Every structure is written in C-alpha cells, then in structure tokens.
Amino acid sequence: RELTKQTSLVKAGRAIQALGPRIVAVKKGEHGCLLFGEDEFFSCPAYPLEDIHDPTGAGDTFAGGLTGYLASRGGEKPDFEALKTAVVVGSGLASFNVEAFSLERLRLIGRDDIFATVRNLEAFTAAMEGSGEQITTFNEVMAAVTVSVSRGRGEIGPALTELDLA
C-alpha cells in the first residue's frame, strides 16, 4: 500500500505489476498472502490457529518455506502453480512458528506435521479455486470499509452494505 498509495491490496499488487514484474506476491501478515500472475490470481490464507503465542519471525519463516520449496525443485523455473504451492508451504510453516515462543515449536515438528498442514491448506485453497473474482471484490470492498473506519467518516453504513452485497 505504501509503495503504490492504493488502499486495496489487489489494486496495489496490480500496480506493482504495471511497474514490470510478471509475478507479485503481497504478504498480508496474519491474513495470508496474495499472488498475482499475468492473468492469474491466488489468495492463500494464513493457517487458522486457536492459540498464537509469538508472531516474531513468522514472516521470515514464511519466506524460508517459500524459497525452500522453490529450491527443492532443482533449479527448475517455477510456473504459477509451483509458486502457489510455495506460498502454501510458506504459510504452513509460518503457522508452526507462531504456536510457541522463539524456535520451540519449530524444533518439535517433523515432516509429517509439515505435510499434514500443507495438505490442509492446499485442500482449503483448492475449495476456494474459481472464486478469485469474488475474493478480489471482497478484498477491495474490505479495503474501502477499512479506509472509512480509519478516517472516522460517517460512511461506514454504505460501506458495510456494499460488503454484504460482495
């Protein structure tokens, strides 16, 4: 948002693409990640957790999971599907990071834990597949609601009505 001055992360991602990159990933912290391809869009949520103890390092863990997955492909140039999987792996690993302080939770997990979490996220995102346009609309309307609330304007009623319609 800061780079593009856009309130909508979807518009911000597309604006960054207009500057040259073919593919753009927008990290949304505890809300996941948006991935923009040339004609493709992917939204990966953060893995839902009941208890969050320490978010310190979650973004670094996400980046490590993403790049680790891509590196495991043996130097093959990733297509959009591979990048989607990399985002899911990063999100899954980041979820473990926040479940305890420092590296404690990461020290206790094994491959089976990682694969189970990634499979769950893949199933969730696959269920959302095909609803990219709805997600884009929802994200844009949520951005408008957030801007209205943060500016303290009396426009929240119409914004919430628009969100309900999205």
Side-chain angles (χ1 to χ4, degrees), residues 1-49 55 57-98 114-151 155 158-166:
R1 288 184 179 149
E2 191 168 325
L3 175 65
T4 64
K5 306 300 183 222
Q6 294 286 335
T7 56
S8 162
L9 290 178
V10 174
K11 288 180 181 177
R14 294 291 182 211
I16 293 170
Q17 276 186 306
L19 297 173
R22 285 185 318 104
I23 296 174
V24 173
V26 176
K27 192 65 188 84
K28 301 186 322 172
E30 67 182 282
H31 302 291
C33 181
L34 301 176
L35 187 64
F36 299 87
E38 292 173 348
D39 296 315
E40 300 165 294
F41 173 79
F42 178 66
S43 177
C44 181
Y47 194 81
L49 299 169
D60 293 334
T61 305
F62 170 86
L66 183 142
T67 55
Y69 173 78
L70 294 175
S72 76
R73 295 171 37 85
E76 180 184 333
K77 183 177 178 178
D79 59 8
F80 195 75
E81 289 301 312
L83 291 169
K84 285 169 47 176
T85 301
V87 165
V88 170
V89 170
S91 186
L93 283 171
S95 73
F96 290 112
N97 186 83
V98 302
I114 295 168
F115 289 134
T117 297
V118 169
R119 276 193 302 274
N120 287 339
L121 265 175
E122 284 178 330
F124 181 75
T125 56
M128 291 177 17
E129 204 71 42
S131 60
E133 188 174 317
Q134 289 172 312
I135 292 168
T136 299
T137 301
F138 179 79
N139 282 332
E140 288 174 354
V141 173
M142 275 302 291
V145 170
T146 302
V147 168
S148 291
V149 171
S150 68
R151 290 185 180 159
E155 301 170 12
L160 289 174
T161 300
E162 188 175 340
L163 179 61
D164 187 44
L165 297 174

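Residue numbers count from 1 along this sequence. Predicted model, so just to flag it, every value in this text is computed and none were measured.
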K.L.:
For the pair S91 (side chain) and V88 (backbone), establish whether a donor and an acceptor sit closer than 3.5 Å, ignoring hydrogens and angles.
P.N.:
no

K.L.:
I need the full list of salt bridge (Lys or Arg N to Asp or Glu O under 4.0 Å) pairs touching residues 59-76, with sequence neighbours left out, sorted by first then second residue.
P.N.:
R73-E76

K.L.:
Kindly give the heavy-atom pair with the smallest separation between L9 and F36, and that separation in Å.
P.N.:
O-CZ, 3.8 Å

K.L.:
Ignoring hydrogens, what is the shortest heavy-atom contact between T117 and S95? Give both atom names and the distance.
P.N.:
CG2-OG, 3.9 Å

K.L.:
So, E122 and R119, do they make that salt bridge, N to O below 4.0 Å?
P.N.:
no

K.L.:
Within the structure provided, determine whether I114 and F96 are in side-chain contact (heavy-atom separation under 4.5 Å).
P.N.:
yes

K.L.:
Per the side-chain contact (heavy atoms from CB on, under 4.5 Å) rule, which among T85, L35, D39 passes with F80?
P.N.:
L35

K.L.:
Counting only heavy atoms not in E30, do more than 12 fall under 6.0 Å of its CD?
P.N.:
no

K.L.:
Within the 4.5 Å heavy-atom criterion, are Y69 and V87 side-chain neighbours or not?
P.N.:
no

K.L.:
Please test L70 against L83 for side chain to side chain contact (heavy atoms under 4.5 Å, CB included), starting from the C-alpha separation and ending with a verdict.
P.N.:
CA-CA 8 Å; L70 294 175; L83 291 169; 4.0 Å; yes

K.L.:
Would you say the side-chain atoms of T4 pair up with the backbone N or O of G13, donor to acceptor, closer than 3.5 Å?
P.N.:
no

K.L.:
Taking the side chain as every heavy atom from C-beta outward, state whether N97 and P55 have any pair of such atoms under 4.5 Å apart.
P.N.:
no

K.L.:
Could you tell me which non-hydrogen atom of A94 sits nearest to which non-hydrogen atom of A58, and how far apart they are?
P.N.:
CB-O, 3.5 Å

